[in-house]
Amino acid sequence: MEKRNDDLTREDLFKKRRTFIFDIECYSNFFLASFMCYETGKFISFERSPDSEMNLADLDWILNNFLIIGFNSRNYDIPMLWAARSGLYNQELKTLSDELIQDGFSPIEAEKKWKFKIGYSNHVDVQEVAPGVMIGLKHYAGRMHLDKLQDLPIQPDKELTSVDAQLIRDYCKNDLEATAHLYSKLYQSIELREELGLDYELDLRSKSDAQIAESVLRKEIESIKGCRVFRPKKDRTAVLKYRIPSFINPQSEDLKSMLTLIENSEFELDEGGRPKMPTKIKKAKINIGNSTYNMGIGGLHSTEKSQCFASDETTVLIDRDVASYYPQIILNQKLFPDHIGKEFLQVYKSIVDRRLEAKRMPGKIAKGIADSLKITINGAFGKLGSEYSCLYAPRLLLQVTLTGQLSLLLLIEMIESGGISVISANTDGIVMKCPVDLQGELQKIILKWENTTQFTTDETRYRAIYSRDVNNYIAIGEDGTFKAKGSYVCDLSMKNKDRESLMKNPEFTICNEAVMLFLRDGVSIENTIRNCKNISKFVAVRRVTGGAIKNGKYLGKVVRWYMQQGEFGIIEYLKNGNKVPNSEGGFPVMNYDGLPSDINYQWYHERCLGILKDLGYGRKIETQLGLF
């Protein structure tokens with residue numbers, strides 16, 4: 001193998017306190033385990049091929065002495081690495097690779113069939129730590145705006161030539177760099193998991209929030225009960241009933257009718273074991289004041305479209321969010337999974353109390369404790385609907401979500417009867433348009449509701465709020481900060497950019513920024529767009545099942561493009577020729593190389609006008625802003 005100047009020297013290898021990013025590539029005649037030193041960016045590789053054999057002494061040194069970081073490595077790279085370490089030949093490794101990827105073999109099944117043992121290593125898999133639904137490394141690379149997006153260059157069922165092998169080495173290096181970038185963005189999250197794990201004597205570094213909650217609660221509950229806690233038996237034929245808390249006592253006929261409907265309804269389970277909302281409830285419209293609300297298992301939603309409001313001399317915009325809503329419902333109503341018992345509440349309350357105590361204390365250490373415990377508290381709710389979890393409790397899930405929605409509707413009813421308009425509601429919070437002279441009355445109403453329900457709320461005030469709908473809006477705080485949801489999230493609205501940027505695909509975010517700056521400061525849309533020199537703000541990123549093509553050229557399963565002057569073609573799905581959404585006139589930019597000179601600025605300007613219209617800004621946008 002050709003020596004590169006970015007290879008790790010033996011002197012580097014034997015230095016302490018190193019972190020190594022690692023990745024595996026496997027073909028029938030080629031196995032590669034490649035490591036990149038996170039601190040230096042240098043590489044060391046272990047190959048099993050016709051021309052090379054693995055240096056097991058150096059590999060053991062890494063496994064025994066350093067932290068190693070992978071992506072989906074618990075399920076693939078770790079078993080493959082130890083299988084190769086045990087002496088499996090390339091063809092055997094390729095068969096195992098196919099079994100892990102295509103047949104869904106677990107590491108335990110792999111060990112049993114191939115008669116090897118996965119040894120200990122100080123290892124973190126960042127896949128579960130990353131936020132959002134499970135997506136691939138290339139998809140995260142697109143969301144992080146890495147310079148190069150690349151699919152596997154050689155099909156996995158092919159035998160490699162020496163030229164092919166070099167392509168795979170370079171490809172693996174690109175994946176290592178992507179994993180390193182992802183690790184850097186998740187470093188704080190992993191640190192919090194490490195601190196929490198020390199407290200509970202668990203390795204939580206490779207777990208999602210919900211998995212952490214299950215691990216911590218299970219360990220503590222088993223310690224109290226003195227026996228194992230198992231997941232309950234599946235019963236998808238079960239029918240659930242909702243128990244109405246005594247404080248839910250509405251006055252309006254609409255809400256009384258909804259309460260009767262809910263009380264008389266039976267809730268079945270879907271194929272995943274979660275409660276289903278009966279059609280009559282899901283389709284019902286609850287009218288309170290000038291707004292209409294819908295209920296669903298996911299939460300309460302108002303139904304506004306294209307509306308905007310601004311504070312002025314006579315009116316203030318006030319957002320009230322219920323603090324720790326679902327945890328408080330669980331504790332207030334003393335809810336627990338039937339198969340676990342009241343020990344669940346004992347443990348859950350101790351964690352909540354410990355977090356509240358940490359929040360009251362000053363200092364970085366106390367904040368770290370509070371943040372790590374928040375992961376457990378909120379993550380527990382996510383496991384109530386998972387039939388694969390020991391915390392699975394669909395009755396509890398139903399009780400929590402419906403109580404949350406009915407409690408908010410009760411608050412909305414009280415506020416509207418006080419002459420104050422609620423303009424939006426979503427899951428755990430409401431936004432109100434309150435006359436200045438009724439602010440004292442509003443405080444009394446909210447305090448009465450808090451005393452009745454035993455919830456507490458946090459207040460935020462806005463200069464203005466612009467909504468396409470309840471899940472897509474831009475709000476401007478009194479201090480000028482932006483809050484955005486859905487399609488309008490961008491750098492200007494992110495509080496934790498490292499984590500939030502991983503949660504959704506970029507989609508021409510320069511338009512969101514231009515609209516925000518116009519709405520807050522009156523900055524010209526055209527100036528914001530033309531003065532931006534960052535290509536990443538002009539692109540859209542999308543995962544395309546089966547891969548994408550443009551003019552017959554294959555691009556990959558994750559595609560990135562910007563709008564180019566004079567370009568009218570589309571990016572297509574390889575499998576059926578369908579258009580990738582919002583790609584007409586788009587030019588693929590799989591590799592960044594500065595700001596292109598042919599950006600279609602007119603297209604971005606017109607998109608901004610469309611956003612303003614969707615947000616209900618006004619009918620004379622064109623004359624206010626002007627066109628090119």
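These figures come from a predicted structure and were not determined experimentally.
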Do side-chain atoms of [X] reach the backbone of [Y] as a donor and acceptor pair under 3.5 angstrom?
X	Y	answer
Y325	G404	yes
D321	I430	no
S223	K219	no
S501	K497	yes
E39	T19	yes
T401	L398	yes
R143	H139	no
S372	I369	yes

Worksheet item: Applying ring pair (Phe, Tyr, Trp, His ring centres under 6.0 Å), which residue pairs with at least one partner in residues 193-213 are found, sequence neighbours left out?
Response: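 Every candidate ring pair (Phe, Tyr, Trp, His ring centres under 6.0 Å) pair involving residues 193-213 fails, so no pair, neighbours aside, qualifies.
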Fill in: Pairs flagged by ring pair (Phe, Tyr, Trp, His ring centres under 6.0 Å) wherever residues 346-379 is involved - sequence neighbours left out
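Matches after skipping sequence neighbours: F344-Y348.
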What I want to check is whether the side chains of [X] and [Y] have a donor and an acceptor closer together than 3.5 Å.
X	Y	answer
H301	D469	no
S389	E214	yes
N122	R205	yes

Worksheet item: Could you go step by step and tell me if D458 and R320 meet the salt bridge (Lys or Arg N to Asp or Glu O under 4.0 Å) rule?
Response: CA-CA 6 Å; D458 298 320; R320 282 279 187 158; over 6 Å; no
Qualifying residues under side-chain hydrogen bond (donor to acceptor under 3.5 Å, both in side chains), relative to [X], sequence neighbours excluded:
X	value
T481	D479
Q399	Q333
R231	none
R243	none

Sequence neighbours left out, cut at 3.5 Å: what donor-acceptor pairs do the side chains of residues 380-387 make with other protein atoms?
residue	atom	partner	partner atom	Å
S386	OG	Y388	N	3.4
E387	OE1	R236	NE	3.3
E387	OE1	R236	NH2	3.4
E387	OE2	R236	NH2	2.3

Sidechain N-carboxylate O distance under 4.0 Å for [X], [Y]:
X	Y	answer
D175	K138	yes
D209	K374	no
R228	E222	yes

Taking everything shown except [X] itself, do over 12 heavy atoms lie less than 6.0 Å from its [atom1]?
X	atom1	value
K241	NZ	yes
H145	NE2	yes
K359	NZ	no

Kindly write out the residues that satisfy side chain to side chain contact (heavy atoms under 4.5 Å, CB included) with [X], not counting sequence neighbours, or none if the list is empty.
X	value
K225	I221, C227, V229, E343
N496	Q188, D498, R499, E500
D353	K349

Which value, rounded to the nearest 0.5 Å, describes the distance between [X] atom [atom1] and [Y] atom [atom2]?
X	Y	atom1	atom2	result
F116	R85	CZ	CZ	12.5 Å
I340	I224	CD1	CD1	11.0 Å
L204	S215	CG	OG	6.0 Å
W82	I118	CH2	CD1	9.0 Å
L176	S45	CG	OG	7.5 Å
T457	L411	OG1	CG	8.0 Å

Side-chain donor-acceptor pairs of residues 66-73 under 3.5 Å, sequence neighbours excluded:
residue	atom	partner	partner atom	Å
N72	OD1	N75	ND2	3.3
S73	OG	H123	NE2	2.7

Fill in: Partners meeting ring pair (Phe, Tyr, Trp, His ring centres under 6.0 Å) with Y38 (sequence neighbours left out)
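Ring pair (Phe, Tyr, Trp, His ring centres under 6.0 Å) list for Y38, sorted by chain: Y183.
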Worksheet item: Any idea which heavy atoms bring S424 and V470 closest together, and the distance?
Response: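 In terms of heavy atoms, the two residues are closest at OG-CG2, 3.8 Å.
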Worksheet item: Stepwise, does the side chain to side chain donor-acceptor pair (under 3.5 Å) test hold for D23 with S34?
Response: CA-CA 6 Å; D23 189 38; S34 193; over 6 Å; no
Worksheet item: Considering the options E99, E92, E109, which one meets the side chain to side chain donor-acceptor pair (under 3.5 Å) requirement together with W114?
Response: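 When E99, E92, E109 are each tested with W114, the side chain to side chain donor-acceptor pair (under 3.5 Å) holds only for E99.
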